[in-house]
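Please read all numbers here as calculations on a predicted model, not as lab measurements. What's counted below: heavy atoms across the whole structure, side chains too, no hydrogens, waters or symmetry copies.
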Amino acid sequence: MKREVLVATFLGHFTRLNLTFSEAGFKSIRGEYTKHWLHTNQQVTIVENEEGALRRIEMTVKGLTETGLLLAEDSYGSKFELSPDGNGFDFFSGLIRRKLPRVY
């Protein structure tokens with residue numbers, strides 16, 4: 001594929017998605033976004049600092065929260081919203097978590 005064709009194809013697709021996003025917000029493209037991303041069912045290790053002791057928690061990424069952050073689940077089925085701590089570029093190091101209420 002020629003470079004010009006690749007760029008034109010990308011820009012056409014991006015323009016359509018950007019217009020939809022601008023007019024209707026992220027919810028309007030969320031399904032297409034998550035259909036193509038690589039994070040669903042990805043195993044991640046969360047490191048927490050509890051009173052000076054590091055604790056490692058294994059989690060599985062399940063999708064996105066309503067706020068657009070990663071939704072992860074631990075081995076007990078508890079759900080967590082993961083967000084970067086803003087102190088570095090390694091997204092999977094030093095994440096903080098906020099426990100979401102359990103939905104029955």
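Closest approach of T15 and L11 over heavy atoms only: OG1-O, 2.6 Å. L69 approaches L82 most closely through the heavy-atom pair CB-O, 3.4 Å.
Under the rule for a side-chain contact (heavy atoms from CB on, under 4.5 Å), the partners of F14 that lie at least two apart in sequence or sit in another chain are F10, N18. F21 is linked by a ring pair (Phe, Tyr, Trp, His ring centres under 6.0 Å) to nothing, counting only residues two or more places apart in sequence or in another chain. Scored by the side-chain hydrogen bond (donor to acceptor under 3.5 Å, both in side chains) test, Q43 finds T60 as partners (sequence neighbours excluded). Residues passing the side-chain contact (heavy atoms from CB on, under 4.5 Å) test with S28, sequence neighbours excluded: T20, A24. Every residue meeting the salt bridge (Lys or Arg N to Asp or Glu O under 4.0 Å) condition with K27, not counting sequence neighbours, appears here in chain and number order: E66. Residues meeting the side-chain hydrogen bond (donor to acceptor under 3.5 Å, both in side chains) test with T40, sequence neighbours left out: W37.
In this structure, the separation between CD on E73 and CG on N41 is 9.5 Å, given to the nearest 0.5 Å.
Contact annotation: the side chain of F80 never approaches that of I57 to less than 4.5 Å [non-hydrogen atoms, C-beta and beyond]. Counting only heavy atoms from C-beta outward, the side chains of T45 and M59 never approach each other to under 4.5 Å.
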Apply the test side-chain contact (heavy atoms from CB on, under 4.5 Å) to residues D74 and K79: give CA-CA distance (whole Å), side-chain angles for both, the deciding distance (0.1 Å), then the verdict. CA-CA 7 Å; D74 66 11; K79 293 183 178 0; over 6 Å; no
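Taking a 4.5 Å side-chain heavy-atom cut-off between Ile, Leu, Val, Met, Phe, Trp and Tyr, the cluster of L6 extends to M1, V5.
Counting only residues at least two apart or in different chains, salt bridge (charged side-chain N to carboxylate O under 4.0 Å, His left out) contacts with residues 3-17 comprise R16-E32.
With hydrogens and angles ignored, the 3.5 Å screen pairs a side-chain donor or acceptor of T34 with a backbone N or O of R30.
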